Amino acid sequence: MAAPVKVYGPPLSTAVSRVLACLLEKDVPFQLLPVNMAKGEHKKPDYLNIQPFGQVPAFQDESITLFESRAISRYICDKYANQGNKRLYGTNPLEKASIDQWLEAEGQNFNPPSSILVFQLAFAPRMKIKQDENLIKQNEAKLAKVLDVYDKRLEESRYLAGDDFTLADLSHLPNGQYLVNATDRGELFTSRKNVERWWGEISSKESWKKVVEMQKSPSPKSA
């Protein structure tokens, strides 16, 4: 039996949790290895050998190393196509293209404003950093416009890329989780009928519930 793949980084990281959710959806055994970023472990030579930008996650599958959570997730889905959720990254070129376009929308349109809001609203107070109210206001407006597009799309489709839960939906879980549950801006999701329905469905996935439990646990996990 092949050795479990390795994921480096804390599960509280949105990018790390994206990869973990994908691995759980695909029933791929993995080992989660801690990286103490407060102590600068992500900038040490050994780590930079597998993640040259000194960020998390880093990913190893036997002799292969990868970085960037969305690329890692696509790789997992392609390599382990015949196990777990077989529709997570589509089964034909058109399905994959539809998933990819919404993954791009997440990365280019949803992620930038939502990441700023997550940092400003959820992390800055914990880190005793002064919040930037103008930045919050600007990015709340940007995210609202994105979610208006999503709401219209989700009026005609159960999930973003069609009738199946895919990477396109999964990729929204990390930032969405913080915004809905750790800030007072949850109404960005709940005030839009179709987005609220969609968010309720994707955030109640067993794979994501397991990731949330891992975020609460102080010790590294294998699965």
Side-chain angles (χ1 to χ4, degrees), residues 1-91 95-96 99-100 102-104 106-107 111 115 161 164-178 202-223:
M1 186 176 176
V5 302
K6 295 176 181 178
V7 182
Y8 295 81
L12 284 170
S13 155
T14 54
V16 172
S17 65
R18 180 177 291 112
V19 172
L20 297 177
C22 181
L23 288 165
L24 289 163
E25 274 289 313
K26 294 299 293 178
D27 293 335
V28 177
F30 65 88
Q31 184 180 9
L32 180 61
L33 299 168
V35 177
N36 190 325
M37 300 177 80
K39 291 184 177 178
E41 289 180 0
H42 58 306
K43 300 298 183 183
K44 292 186 175 178
D46 285 350
Y47 186 76
L48 291 173
N49 282 335
I50 55 173
Q51 217 299 7
F53 294 100
Q55 298 170 342
V56 293
F59 176 86
Q60 284 186 309
D61 185 0
E62 297 178 341
S63 63
I64 293 167
T65 62
L66 293 170
F67 58 92
E68 293 297 335
S69 61
R70 294 167 190 81
I72 294 167
S73 296
R74 288 182 176 103
Y75 166 82
I76 292 164
C77 287
D78 279 339
K79 177 168 181 182
Y80 301 97
N82 295 321
Q83 63 192 70
N85 181 346
K86 296 180 178 63
R87 304 196 73 86
L88 196 62
Y89 191 36
T91 57
E95 287 179 1
K96 286 181 183 289
I99 293 165
D100 276 334
W102 288 102
L103 262 177
E104 285 293 318
E106 183 272 324
N111 188 65
S115 292
D164 296 302
F165 173 78
T166 68
L167 281 183
D169 309 290
L170 180 151
S171 200
H172 290 80
L173 284 164
N175 279 352
Q177 175 77 18
Y178 280 115
I202 69 172
S203 61
S204 62
K205 287 275 179 185
E206 285 304 314
S207 55
W208 184 246
K209 288 181 181 178
K210 288 177 182 175
V211 174
V212 173
E213 284 305 308
M214 293 170 73
Q215 291 175 341
K216 296 175 184 175
S217 171
S219 57
K221 297 279 186 181
S222 295

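Keep in mind that the numbers below use all heavy atoms, side chains included, and drop hydrogens, waters and symmetry copies. Everything quoted here is computed from the prediction, not taken from an experiment.
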Worksheet item: Below 4.5 Å, heavy atoms only, C-beta onward: do S17 and L12 meet side chain to side chain?
Response: no
Discussion item. For P11, is there any backbone N or O sitting under 3.5 Å from a side-chain donor or acceptor partner on Q215?
Written reply: yes
Worksheet, complete the sentence: Output for pair (L88 CG, I99 CD1), nearest 0.5 Å, gives 7.5 Å
Practice prompt. Find out whether Y75 and I64 are in side-chain contact, i.e. whether some heavy atom of one side chain is under 4.5 Å from a heavy atom of the other.
Written response: yes
Worksheet item: Is there a side-chain contact between D100 and Y89 (heavy atoms, below 4.5 Å)?
Response: yes
Discussion item. Using side-chain contact (heavy atoms from CB on, under 4.5 Å), reason through V5 and K79 one step at a time and then give a plain yes or no.
Written reply: CA-CA 12 Å; V5 302; K79 177 168 181 182; over 6 Å; no
Worksheet entry | Identified side chain to side chain contact (heavy atoms under 4.5 Å, CB included) partner of Y8 from the options V56, I50, V19 | I50
Fill in: Qualifying residues under salt bridge (charged side-chain N to carboxylate O under 4.0 Å, His left out), relative to K96, sequence neighbours excluded
D78
Practice prompt. Sequence neighbours left out, what pairs pass side chain to side chain donor-acceptor pair (under 3.5 Å) with at least one residue falling in residues 44-53?
Written response: none
Worksheet entry | Rounded distance (nearest 0.5 Å) linking atom OG of S203 with atom NE2 of H172 | 13.0 Å
Discussion item. A side-chain contact here means heavy atoms from C-beta on lying under 4.5 Å apart; do F67 and P52 qualify?
Written reply: yes
Fill in: Spatial distance of atom CH2 (W208) from atom CD1 (I202) [nearest 0.5 Å]
9.5 Å
Worksheet item: Are the side chain of S73 and the backbone of S69 linked by a donor-acceptor contact shorter than 3.5 Å?
Response: yes
Worksheet item: Of the non-hydrogen atoms in G54 and H42, which two are nearest, and what is the gap between them?
Response: O-CD2, 3.0 Å
Worksheet item: Looking only at heavy atoms, which two atoms of P57 and V7 are closest? And how far apart?
Response: CB-CG1, 4.2 Å
Item to complete: Carefully, step by step, assess T14 and S115 under the rule side-chain contact (heavy atoms from CB on, under 4.5 Å).
Response: CA-CA 9 Å; T14 54; S115 292; 5.6 Å; no
Worksheet item: Could you give the distance from CG (N111) to CG (N175), rounded to the nearest 0.5 Å?
Response: 5.5 Å
Worksheet item: Does atom NZ of K210 have more than 12 heavy-atom neighbours, drawn from other residues, nucleotides or ligands, at distances under 6.0 Å?
Response: no
Worksheet entry | Point-to-point distance, once rounded to the nearest 0.5 Å, from CD of Q60 to CG of L66 | 10.0 Å
Worksheet item: Would you say the side-chain atoms of K26 pair up with the backbone N or O of N85, donor to acceptor, closer than 3.5 Å?
Response: yes
Practice prompt. Would you please name every residue forming a ring-ring contact (aromatic ring centres under 6.0 Å, His included) with Y80, sequence neighbours left out?
Written response: none
Discussion item. Less than 4.5 Å apart, side chain to side chain, heavy atoms only: is that true for T65 and F59?
Written reply: no
Worksheet item: If you measure from NZ on K6 to CD on E62, what distance do you get to the nearest 0.5 Å?
Response: 10.5 Å
Practice prompt. Given side-chain contact (heavy atoms from CB on, under 4.5 Å), test T91 with K86 step by step and report yes or no.
Written response: CA-CA 8 Å; T91 57; K86 296 180 178 63; 5.5 Å; no
Item to complete: Walk me through it: do L167 and C22 pass the test side-chain contact (heavy atoms from CB on, under 4.5 Å)?
Response: CA-CA 8 Å; L167 281 183; C22 181; 4.0 Å; yes
Item to complete: Work out which heavy atom in L48 is nearest to a heavy atom in K43; give both atom names and the distance.
Response: CD1-O, 3.3 Å
Item to complete: Might you point out which heavy atoms bring E41 and P34 nearest each other, and give the distance in Å?
Response: OE1-O, 4.2 Å
Worksheet entry | pair R87-T166: side-chain heavy atoms closer than 4.5 Å | no
Worksheet item: If every non-hydrogen atom of W102 is compared with every non-hydrogen atom of A161, which pair is closest and at what distance?
Response: CD1-CA, 4.0 Å
